[in-house]
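Computed from a predicted structure; not experimentally measured. Sequence lines set the chain letters: A, B, ... in the order given, protein chains first and strands last, and positions in each chain run from 1. Heavy-atom basis, side chains included; hydrogens, waters and symmetry copies ignored.
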Amino acid sequence: MIVDAHVFLGAGLFGYGQTLSEVCANMERLGIDKAILVPVKPRDYHLAPMNDLVADAVRQYPDRFLGLCRVDPWQGEAALAEVRRGFEELGACGLYLDPWEENFQVNDRIVFPLVEQAREYGKPVMVNAGHVRVSHPTQVGDLAARFPTVQFVACNGAQINICGILLFDARRMLEVCPNVVIETAGTYREDFLEEIMTEVGEDRVIFASRSPIYDQPFEMSRVRFAHLSDSQKEKMWGLNALRVFGGT
Amino acid sequence: MIIDSHTHVDRFGWYDPPETIIRLMDEAGVDQSIIMTYGDAPDVEGALEYIAEAVQKYPDRLIGYARMNPRRGEKAHRLFQKAMEVYGFKGLKLHPVGSLSHPGSRDTIEMIHLAARYGAPTLFHCGDEEYTLPLQIAQAAAACPEATIILGHAGGYFHVQDAIRVAERYPNVYLETSAMPYPRLIKEAVERVGASRVLYASDGPGCDLTIEIHKVRMAGLTPEEEEALFFRNIQRILSNVRTKEEGQ
């Protein structure tokens, strides 16, 4: 079972995006069984209609998709209401926070009510992590430690740096915060993913492409060619994601 | 034939003996790799000797570059000269995050001029960190038009477009593909600066050689372009390297 834990849907403000038919065609071509759909930030900046778009796709293909609800913490009460709508009416399987595109620090107090809401509904929180100004692994760890019963998913291996100076912080954060898993997408380096799987925990890494920002077939090669056992890869390919997001 | 233009062998800090890269080369079908340490000489005592020993042990498989701290001035110059003349190294590696030497600084420029007098290329770590940005390294390329400057990682995650722009502006600049996660931008780089100025590299053993080769093959290049990236360009660059300083 291959689950891509991070696939964007919609036409985005920042020049990336994809339609539902493109998502389906790529999954078919690449043998991906399921995907967690994440709304893009659209050109009109309104996230609620994008949450509807994702929910519609999940309703259309319930066996193939789960969807996240995306909100901007700067919207305060309106964001909180949208999270409730996401969980109660749209059937969202978790909350998506993007400190990079919505421009907030992930451990800022404006985020806390949203995470409290996710905790109340027993839903995971995915964070666009690894951006050093807004979602440095230490900031992700700070948030995760504040909410130890909430499951967090840190994108980009929790560190975006091509010389390895964030590897220490990302690993330390994962060791200190058992409630965080990382996505494989775009991660520097492959031996970091292997190290987390073998030394920190086999349940701590999930395959994700973050397509179309990253290249879906290329991102699959990070798992395909990993120096790990078949059972470890099975967990990365899908079992860990299903446990986190509640799919079958 | 595949030559990997950027890999690491080291016994200080991150421990990667030559056998690690040889194993990954065998696995990926790589014929030769250019190796360098993670730390700078002369700050790390014995760094260049460790590379020289590895090359001596695997002379048909490994090629040495000297990673230097330009701020060490004369001492660095003398060591680099020894690396070229006695150890048979083929190039200079600069990592401004490690050395805190700005690419446009006088120390760095002098170091690059010295390498150029041996016909040796300078491989820069070129990512998203301050001191390693493509437009900073452009200052070195402008100041050293006789030198071959290679932008390792081609700008990393967020600065690939800048790296391509710099290569468009300066004919002595090459782009190197390691670790950056975008197959489509390899294609774009080839279209904009020509296949003759793009090099395949992995940044192994941390980044997996098989995956990095896969990335280049996914870029949609012609067989001739792939050949240029995989070995012809670096062979041409290294064919100009001398064991004696120009004018000596």
Practice problem: Would you mind checking which part of A/N161 comes under 4.5 Å of any heavy atom in chain B, side chain (CB onward), backbone (N, CA, C, O), both or neither? | Solution: both

Quiz item: With a distance cut-off below 6.0 Å to the six-membered ring centre and an angular limit of 45° from the axis, does A/R189 pair with B/W14 as a cation-pi contact?
Solution: yes

Quiz item: In this structure, are over 12 heavy atoms from other groups packed under 6.0 Å from B/E45 atom CD?
Solution: no

Quiz item: Top residue by heavy-atom pair count (under 4.5 Å) with chain B, among A/L193, A/V132, A/I213?
Solution: A/I213

Quiz item: How are the rings of B/H95 and B/H125 set relative to one another: parallel (under 30°), tilted (30 to 60°) or perpendicular (over 60°)?
Solution: parallel

Practice problem: Just give me the residue among B/G127, B/G206, B/A179 that pairs up with chain A most often, heavy atom to heavy atom, under 4.5 Å. | Solution: B/G206

Self-check item: Contact class of B/L209 relative to chain A, heavy atoms under 4.5 angstrom
Solution: neither

Quiz item: A/E194 versus chain B, heavy atoms under 4.5 Å apart: side chain, backbone, both or neither?
Solution: neither

Quiz prompt | Atom CZ of B/R184: over 12 foreign heavy atoms under 6.0 Å | solution = yes

Quiz prompt | Sole residue of A/T184, A/V223, A/L228, A/V200 in side chain to side chain contact (heavy atoms under 4.5 Å, CB included) with A/V205 | solution = A/T184

Quiz item: Relative to chain A, which of B/T132, B/D203, B/V97 shows the most heavy atom pairs under 4.5 Å?
Solution: B/D203

